[in-house]
Every structure is written in C-alpha cells, then in structure tokens.
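Heads up, the thing below is written out as structure tokens.
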Amino acid sequence: MQLALREVTKRFGSLVANDRISLTVEGGEIHCLLGENGAGKSTLMNVLYGLYRADEGQIVLDGEVQSFTGPGDAIAAGIGMVHQHFMLVPVFTVAENVMLGNEETGFAGSLDLEAARERVREISARFGFHVDPDAVVGDLPVGVQQRVEIIKVLSRDAKVLVFDEPTAVLTPQETDELMEIMRELRRSGAAIVFITHKLREVREVADRITVIRRGQVVGEAEPSASNAELAAMMVGRPVELTVSKKEPELGAASLVVEGLTVVDPAGLVQVDDISFEVRDGEILAVAGVQGNGQTELTEALLGLQHHVLGSIRLDGRELVGRKVRDVLDAGVGFVPEDRQVDGLVGSFTIAENLMLDRSFGAPFVRAGSLQLSALQEFAEEKLAQYDVRAPGITTPAGNLSGGNQQKVVVARELSRELRLLVAAQPTRGVDVGSIEFIHSQIVATRDAGVPVIVVSTELDEVVALADRIMVLYRGRVVGIVPADTPRQVLGLMMTGEPPTGDVA
Amino acid sequence: MSTPHAAAPTDDRAGRPDGPHVMTTASPKVAIILGVVTLLLAAVVAFGSQTGDTTFRLSTRRDLAQLPDVTVPANATAWVAIVLMALATAEAVRRYLARTKVPLWLPAAYGVVAMIGFLAWAAAGATLPVIGLLAGALALAVPLVFGALGGVLGERVGVVNIAIDGQLLAGAFAAALVGSLLGSAWAGLIGAMLAGALVGLVLGVFAISYFVDQVIVGVVLNVLIIGLTSFMFSQVLAPNAATLNSPPRLGPVSVPLLGEIPVIGPILFRQSVVVYLLYVAVAVVTWSLYRTRWGLRVRAVGEHPQAADTVGINVLRTRYRTLLIAGATAGAGGAFYTLVSVSQFNREMTGGAGYIALAAVIFGKWDPIRATLAALLFGFASNLQGVLSVIGSPVPSEFMLMLPYVVTVFAVAGLVGRSRPPAAVGTPYRKG
Ligand SMILES: Nc1ncnc2c1ncn2[C@@H]1O[C@H](COP(=O)(O)OP(=O)(O)OP(=O)(O)O)[C@@H](O)[C@H]1O
Ligand SMILES: [Mg+2]
C-alpha cells in the first residue's frame with residue numbers, strides 16, 4: 001500500500017509543529033524519519049493516525065484521499081502505530097491490552113481470553129520476546145511494556161505501520177529481532193515508517209531517510225551516509241558522537257549495598273540478595289535485559305519499594321526503611337525509567353516540574369511561598385543549557401515532545417547538590433545532539449566525586465559511561481566486570497552466563 | 001504511606017528452576033482490627049451487663065418447616081462470642097508472625113460470631129425475629145444496590161456519578177406517575193428506568209460534551225430533581241392522588257421450592273419481582289463488566305481513554321451509552337420506593353439514599369459484587385437500628401444509625417485495603 005502525506009500542517013496555538021510536510025512511503029519500503037527532539041515527528045504520525053486533525057493538507061492511501069475522524073478510521077484503513085508514549089492500560093493484563101479494540105468473542109460478546117493469551121505467546125515466541133500474557137502491565141518495566149506495545153500492533157494486520165521510537169528501551173538483541181520483523185513486513189508489501197534516534201538502526205534497515213527540523217522537511221539522506229553526516233543533518237551542526245572522559249579519580253566506597261532483596265506485591269523476589277559497592281567518582285553501569293530486577297533495584301535505592309531486605313548504606317547511613325523524602329535529603333538524585341509516570345507532572349509547567357522535589361526550602365520556597373523570580377531564572381537557564389525545545393517555561397510539560405520531557409527530568413536531577421546519582425535510561429528518546437550533552441553532565445557529576453549508577457539497555461551507553469559494568473539476570477548479579485569487557489562477553493552475561501577470567 | 005510489612009523467604013521457586021522465587025508478605029492490619037473490635041465488644045458487655053435470656057426466632061408463621069426458637073442466656077452468650085473472637089484474633093496474630101496470609105474465612109467467621117454475640121447481648125429479655133431482621137435489611141438495601149450498580153458503571157467508564165440520588169428520586173416519581181396513568185406496575189418500572197436514563201443523559205451532555213465539572217453537575221442535578229419532583233408532587237400528584245399517585249404494587253411473590261428453604265427461603269425468595277430483578281442485575285453487570293467485550297472497553301475508557309481511542313474505541317459514545325445504562329439501573333432502584341415499599345410517591349422520599357449508594361461504590365472498591373455487599377451491610381445496619389429500637393435495647397438508636405457512615409469513613413481512609421478509583425474518573429476526554 002502506498003502512503004502519501006501532502007502539505008500537512010499542524011499548529012498548536014501559535015506553534016507550528018508541522019509546516020507543510022510532504023512525505024511518500026511506498027509499499028515494501030522502510031522509510032526512516034530523523035529529526036531532533038521536538039522536530040514534529042510524533043505529531044506528524046499522530047495526524048496520520050487520526051489522533052490529531054491536520055489544519056491543512058491531505059492523507060492519501062493508494063491514491064485515495066482519506067478523511068479520518070479518529071484512530072478507528074485509520075485502523076480500518078489499515079494503519080497501525082507503535083506509540084512513543086505507550087498506549088497501554090496499566091491495570092489490564094498483557095493479554096487484555098493486546099486484545100482491546102480487536103477482541104475475539106464467544107457467546108453474547110463474552111471475551112475469549114485464552115485466544116488472546118495464545119496470540120501473545122505466539123507473537124512473542126516469533127520475536128524472541130519474553131512476555132507473560134497474564135502479567136499486569138503497570139507492574140512491568142518500561143522495556144517489557146515496549147514489547148507489549150509492539151506485540152499489540154503486530155497482532156492486527158496493518159498495511160501501513162508506524163514505529164515511533166520503538167527501540168528507545170530495547171536491548172540490542174531485541175532491536176535486531178524487531179528489525180528482522182520489519183524486514184519481513186517489508187517483504188510482505190507493508191509500508192513502514194520508522195522513527196529512531198539511533199543512527200546504527202537507520203543505516204541498517206532504511207530504504208529512504210527523510211530529515212525534519214523545526215517542523216519542516218530539510219532533505220533526504222542516503223542510507224549509505226555516515227553517522228556523522230546523518231547527525232549533522234539532523235541537528236544542523238557537527239556532533240561529537242563519543243564521550244570523552246578522564247580516568248576516574250576514585251574515592252571511598254560511599255555506597256555499599258549488602259544482601260539487597262526486593263519482593264514485589266505479588267510476593268515474587270525481583271532482586272535476589274545482591275551486594276555491590278560504588279566508590280566516589282565512579283560510574284557503575286547496570287546492564288541486562290529489562291525485567292531482570294533493574295527497575296526494582298533503582299526504586300529500592302530511592303525508597304520506593306515496600307518489601308526490602310538487606311542494607312543500603314550511603315556515607316555510612318542506612319537508607320533501607322527510610323522515607324523517600326529522607327533519601328532525597330540525603331542527596332540522592334533519581335532519573336526514573338518512565339518519565340511520564342514517575343518523572344513529571346504532565347499538567348504542571350516546565351518551571352514547576354524543574355523544582356518538583358525541591359519544594360521544601362530555599363532557593364525556591366521561603367516561608368511557605370514560592371520564589372517565582374528565582375524559579376523563573378533557574379528554569380530559563382536550564383532550558384537553554386539542556387536545549388529543551390519549548391515555547392517557554394510556562395508550557396505544560398505534557399505538551400513537550402518525548403525527548404524534551406526527558407531533558408527536563410535530567411536537568412532537574414542533575415542541578416542539585418548530589419551525594420549519589422541513580423539514573424535509569426537517562427537518554428531515553430533523546431536526540432544525538434543532546435545525548436552528548438547529558439553524557440558529559442553525568443561524567444561531570446562523577447568527576448565531582450559523586451558515586452553514579454546508570455541503568456541502560458543501550459550497550460553503547462553502558463560502554464561509553466561505565467567505569468565498571470554490573471550485569472543482572474533474574475534478579476541476581478551475574479558479574480561485575482571492567483568497562484573494556486568485549487561486547488560478546490557482556491551479551492552472554494545478559495543471558496545468565498557467568499564471565500570467565502578476571503572480575504573487577 | 002505504607003503500613004509496616006515484613007517478608008520471609010520460602011523455598012518455593014515458582015516451579016521454575018531459575019525463575020524468581022516467591023516470598024509472602026503479610027500485614028498486621030487484619031489482626032489489629034479484629035483485636036480492637038473484640039476489646040470494644042468486651043468493654044460494652046462488661047460495663048452494660050444484661051440479665052435474662054435472648055430468643056432468636058428462626059421461622060415465620062407461614063413456613064412449612066417450622067424451626068424451633070433458640071433461647072440463650074444473654075450475657076453468657078456474649079462472653080462466649082468474645083472468647084471465640086479473641087481466639088480468632090490470636091490466630092490472625094499467629095499467622096502474621098508466621099508471615100502467612102490471613103484467609104478470608106477468618107474475618108468472615110469472626111464477623112458472624114461478633115454479630116451473634118452483640119445481638120444476644122443487645123436483645124436481652126426479648127425475642128429477636130431473625131428472618132424479619134434480615135429480610136427487612138434486604139428490602140432497605142434494594143434501592144441502594146441498584147444505585148450502587150449505577151454508580152459503579154458510571155465511574156468505571158470515567159464519569160463521577162453523584163446524580164445517583166436524583167436518578168433514584170426521578171425513578172420513584174416516574175414509576176408512580178406512569179404506573180398510575182397506565183394502571184400497570186410494569187409500565188411504571190419501565191418509566192422509572194427511562195427517567196433514570198434521562199438524568200444520565202443530561203449528566204452526560206454536561207460532563208462529556210461540555211467538560212463541566214462532574215461533581216458540580218451531579219450535585220446540581222440532584223437539587224434540581226428534588227425541586228422538580230417536590231413541585232410536581234404538590235401541584236399535580238397530591239391534588240389528583242387517586243388517578244396520578246396510586247400505582248399498582250408489585251407485591252411479594254414466593255418462588256416455588258426455593259421459597260420453602262428454611263431461613264434462606266423467606267429472606268431471599270419471598271420478595272417482590274423487583275428484588276429478583278436485582279439479583280439478575282447484579283449478576284449481569286458483574287459478568288458484563290469483567291467477561292465481555294463491552295465491559296473490557298468500558299473499563300479501558302475509564303482507566304486510560306486515550307489508549308482506548310488509539311485502538312479505535314469511540315470514547316465519547318462508550319461513555320454516553322454506559323451512562324444511559326447506569327441511569328436506567330439506578331432508576332429501577334427508584335421504582336422500588338413507589339411500586340414495592342409504599343404505593344405512592346412522596347416528597348424527597350429517597351432520603352439521600354443515593355449518597356449512601358455512592359459510599360457503597362467506594363467501600364466496594366468500584367466492584368459490582370463488593371458494592372452490593374457494602375450496600376447490603378448499610379441496609380442491615382439501618383434495619384438493625386429499627387428492630388432494636390422496637391424490641392427496646394440499651395444501645396441508643398442514633399449510635400446504630402451512625403454505623404454505616406463510620407464504616408464508610410474507615411473504608412475511604414483505606415483501612416479495608418487500598419481503594420483505587422478508575423484512573424480517568426472525573427476527567428473529560430478532549431482530543432488534540
Ligand atoms: N498536545 C500538544 N500541545 C501543544 N504542543 C505540542 C503538543 N504536542 C506536541 N507539541 C509540540 O509540538 C512540537 C513537536 O513535538 P513532537 O512530539 O512531534 O516532536 P518529536 O519530533 O516527536 O520529538 P521527540 O524526538 O522528542 O519525540 C514540540 O515543540 C512540542 O512541544
Ligand atoms: Mg516523538
């Protein structure tokens with residue numbers, strides 16, 4: 001099926017998110033959309049999917065002009081979409097989410113749950129994804145939720161598929177599986193739009209590449225272009241793609257975790273008796289396929305988990321059993337893995353979000369009242385420093401593009417006096433230009449003598465930032481190895497294979 | 001805030017060799033509540049010692065199989081109950097310390113024993129008609145259960161339904177008027193459902209299409225309907241009572257066989273058709289909500305309307321349709337007042353029952369079965385108060401009247417487990 005967007009324009013108030021964008025995707029083609037954060041990629045796709053109404057322009061499928069009144073029409077026309085911010089009902093199980101809107105029914109409209117479970121199992125097997133159809137989605141780590149969101153779209157037969165940053169929280173292996181699936185879909189004649197910030201993926205599967213900047217198409221690129229060329233075209237300037245960091249100046253082991261065990265509400269042991277240390281001025285990167293205890297580990301460090309055994313000592317003070325407030329006051333900075341659930345209040349302004357965990361005293365609050373001028377100054381500075389693309393500091397955070405929301409969270413957490421930084425997926429959905437900056441900020445935090453824990457599914461990020469790498473598998477530590485460990489060894493460790501040779 | 005929890009390892013590795021193993025976590029909440037109630041009852045019995053015997057009458061005169069009355073010494077029975085309650089509390093404590101879950105039967109059995117002990121003490125020297133007490137409780141609870149079902153449906157689809165009281169009242173009024181005009185109680189019942197649905201529609205127009213604050217619309221609707229029905233009553237119904245305000249009644253019908261089961265039969269199966277309709281409604285709503293495509297979509301719209309939208313579900317249409325069904329359900333409850341309880345409409349005759357139904361929705365954690373049980377509990381507390389004041393008991397009736405509300409406050413405060421409303425309740429859905 002051929003998809004054509006003609007002169008699509010979408011405005012939000014005075015902001016032009018899409019400015020006369022035209023795009024053609026042939027059947028049997030993978031078309032990559034590249035562009036920095038806030039360029040207007042998701043907006044364009046939401047217009048295509050009927051979630052937004054275009055102010056001007058047309059959507060044409062196989063030569064026929066469409067007029068969608070909602071996603072229902074788009075789905076009926078054969079369009080399927082993986083949303084950047086998952087469209088999953090948190091209290092439903094995986095099977096219920098996958099069947100929703102596409103239910104198989106028996107007597108009097110009764111649900112055929114078994115058929116839905118079977119479908120989930122079948123698709124996840126085809127993918128090499130491990131997803132339990134009966135797990136409640138809200139309890140799952142974002143990486144697993146991403147798999148569910150993908151399974152949901154693959155379970156309906158769409159002729160036009162939109163993947164909006166599906167790989168932001170997938171491991172390299174999972175990404176490879178997904179790209180294989182996309183190639184298979186291409187062979188069957190589907191038209192595919194693929195949005196990603198990871199240039200390796202673009203060069204691997206793209207047939208054509210269109211670059212968008214500030215709501216406008218700035219040109220097409222060849223899949224044979226180099227990373228540096230693509231990055232420069234996206235951001236409009238040359239980009240440094242590797243992190244330069246000095247040798248760590250290690251201090252005392254100020255974070256000591258011993259026998260940490262975390263039990264989830266269902267009674268399952270998600271973190272199983274793990275012990276490790278992080279020294280001042282050191283970055284410990286936690287690698288592993290999502291769902292192996294990383295989420296629970298970071299939440300336990302912040303005091304967000306309720307059933308915790310063992311001990312977490314920071315500068316000699318016990319953190320287990322303390323309130324989140326006390327943990328924050330002890331100087332722990334936390335970038336949660338899901339910015340929309342734990343990181344931001346969508347209806348609050350950017351400025352309010354930037355002071356969310358600092359509402360108890362100076363400099364933003366004095367005698368119970370907000371210090372608006374101090375807040376304004378601070379927010380404007382952070383906006384500029386982190387290159388958050390937004391109309392202003394009073395824009396509601398929920399209206400920002402995904403990558404810009406992420407920058408707000410990171411900016412808030414890194415601008416406090418820290419004694420420990422815990423960052424889960426710190427650059428999720430962030431464009432290449434801003435990854436560079438966030439990485440340099442994390443390294444600067446380390447160099448200021450703070451112990452840092454970074455959790456990432458992106459092996460490049462792990463290798464770029466880590467001084468040591470800890471691999472988790474099914475809640476246990478497979479091994480803690482030096483940063484220069486070969487990737488194959490790390491990949492094997494992620495499947496539970498203990499490392500051979502020396503251990504850091 | 002979380003209550004202190006404790007965990008202990010167990011060796012079950014969930015059947016898989018390297019799967020996550022399972023640990024049980026336990027909370028002391030149940031044990032604490034049981035202990036407190038036990039102490040309270042002990043204090044009451046110790047300070048208000050009663051003499052004489054209490055007779056529990058277990059049959060009505062119309063029963064085929066007559067069960068003998070049970071007569072027990074009031075004080076002694078109360079103390080036996082307290083000892084049993086203390087044992088149950090001890091068991092709950094033991095289970096907490098051993099880190100195992102307290103099974104549901106324990107608090108349930110505890111509740112029954114506590115009630116028997118309390119009644120034996122409170123009705124000392126008198127005869128307690130057990131059948132009458134429970135059948136009356138059911139009758140009082142019928143409009144509450146209908147209202148609660150309507151409330152559950154509305155909130156599950158994401159619309160706060162404060163207008164339950166208005167729907168009950170409109171239903172009662174329409175049932176009386178239509179029933180009298182057409183001389184048919186069934187027509188009255190249908191009129192009641194239509195009236196309830198109409199209120200639901202108005203609520204929908206303001207809350208869904210015009211984004212007006214749902215609580216405010218609900219309250220305004222309630223006040224409006226009180227005014228409207230009171231006005232119509234005094235201007236139209238009262239002067240023409242014979243033609244406009246004397247609907248035929250839907251009296252009790254005994255179900256063959258089931259109605260003859262001792263104790264249970266006279267309570268559950270010698271009731272009005274409306275009550276049988278209620279049984280069906282509870283079953284159908286529960287089944288539809290959890291087991292059908294319609295129910296899945298309703299719940300999706302109430303939890304995450306945008307996610308529902310992206311899979312092609314029409315959020316607004318789903319909300320409207322569900323609100324109409326919810327309104328009709330609550331309206332049917334209103335018919336109970338004028339077609340079953342008394343056969344005429346009266347000013348403000350629901351007496352705020354809709355608000356109690358709303359409390360039952362919350363107490364019942366937005367689940368039709370639990371909300372039904374909560375409504376039954378409220379019905380029981382009101383009827384107990386009535387019965388006790390008739391047979392003359394030492395408990396001030398005002399105190400008993402308080403009970404349902406005290407229970408609600410505790411429930412809402414989260415003491416009876418975490419109570420979480422549907423995530424999108426109260427927020428209108430706007431598209432970009
Ligand atoms: N609902 C909305 N209301 C107002 N402005 C919006 C809304 N959605 C998006 N925008 C704005 O439109 C612009 C484009 O956002 P969009 O989400 O399309 O970016 P994107 O290219 O997908 O970026 P990212 O890579 O970060 O996901 C941004 O400036 C954003 O702030
Ligand atoms: Mg986007």
Side-chain angles (χ1 to χ4, degrees), chain A residues 10 12 43 46-47 49-53 69-76 81 83 85-92 96-97 99-105 108-113 152 156 261 263-273 293 306-309 321 323 399 473-476 496, chain B residues 1-10 12-14 16-27 99-101 156 284 287-297 299-317 366 418 420-424 427 431-432:
Chain A
K10 174 70 192 171
F12 295 109
T43 305
N46 284 334
V47 168
Y49 196 63
L51 266 172
Y52 292 158
R53 230 163 211 286
T69 56
D73 294 342
I75 294 168
M81 176 160 169
H83 300 267
H85 293 131
F86 312 143
M87 292 299 170
L88 300 171
V89 181
V91 294
F92 281 9
E96 285 171 332
N97 266 296
M99 80 196 298
L100 185 67
N102 192 21
E103 303 89 348
E104 284 181 52
T105 53
S110 62
L111 293 172
D112 190 348
L113 256 180
K152 199 170 95 178
R156 353 206 135 176
T261 299
V263 187
D264 73 8
L268 296 178
V269 179
Q270 297 291 0
V271 174
D272 195 358
D273 189 18
H306 292 315
H307 312 296
V308 178
L309 304 176
K323 293 194 203 116
N399 286 353
Y473 181 72
R474 303 221 162 159
R476 286 168 180 254
Chain B
M1 280 307 92
S2 71
T3 41
H5 284 76
T10 50
D12 175 16
R13 305 207 108 206
R16 273 171 296 163
D18 52 355
H21 55 205
V22 179
M23 275 187 179
T24 31
T25 52
S27 144
R99 307 278 181 261
T100 55
K101 285 230 154 62
R156 274 302 180 115
V284 168
W287 182 75
S288 318
L289 203 54
Y290 294 122
R291 292 266 182 272
T292 68
R293 163 162 63 189
W294 173 81
L296 187 74
R297 294 183 169 192
R299 286 182 288 138
V301 166
E303 287 289 343
H304 195 332
Q306 202 181 14
D309 194 1
T310 58
V311 292
I313 296 170
N314 189 323
V315 173
L316 303 192
R317 196 188 301 153
W366 291 268
R418 204 170 57 111
R420 198 197 68 90
T427 29
K431 296 191 76 159

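Throughout, a chain's letter reflects where its sequence line sits, starting with A, and its residues are numbered from 1. Every value quoted in this text rests on a predicted model; they were computed, and no experiment measured them.
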Taking every non-hydrogen atom, the tightest pair across [X] and [Y]:
X: B:A300; Y: A:F92; result: N-CZ, 3.5 Å
X: B:L296; Y: A:L111; result: CB-CD1, 4.0 Å
X: A:I75; Y: B:T310; result: CD1-O, 3.5 Å

**Asked** What part of A:T105 gets closer than 4.5 Å to chain B, counting heavy atoms only: side chain, backbone, both or neither?
**Response**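 Side chain only.
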**Item:** Which atoms of A:D73 approach chain B - backbone, side chain, both or neither, heavy atom under 4.5 Å
**Value:**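 Nothing of A:D73, per the 4.5 Å heavy-atom cut-off to chain B.
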**Prompt:** Taking side chain as C-beta onward, heavy atoms only, is A:R156 less than 4.5 Å from B:V311?
**Reply:**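 Yes. Closest side-chain heavy atoms under 4.5 Å.
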**Request:** Under the ring pair (Phe, Tyr, Trp, His ring centres under 6.0 Å) rule, collect the residues that match up with B:H304, sequence neighbours excluded.
**Result:**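 Partners of B:H304 by the ring pair (Phe, Tyr, Trp, His ring centres under 6.0 Å) criterion come out as none, since no residue qualifies.
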**Request:** Report the residues that fulfil side chain to side chain donor-acceptor pair (under 3.5 Å) with A:N46, sequence neighbours left out, ordered by chain and then residue number.
**Result:**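 Partners of A:N46 by the side chain to side chain donor-acceptor pair (under 3.5 Å) criterion come out as none, since no residue qualifies.
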**Prompt:** So how far is it from B:E303 CD to A:L88 CG, rounded to the nearest 0.5 Å?
**Reply:**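 Reported value, rounded in 0.5 Å steps: 13.0 Å.
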**Request:** Report the distance from atom CD of A:E96 to atom OH of B:Y290, rounding to the nearest 0.5 Å.
**Result:**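 It comes to 11.0 Å.
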**Asked** Between B:R297 and chain A, which part of the residue has a heavy atom less than 4.5 Å away: side chain, backbone, both or neither?
**Response**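 B:R297 touches chain A through backbone and side-chain heavy atoms alike.
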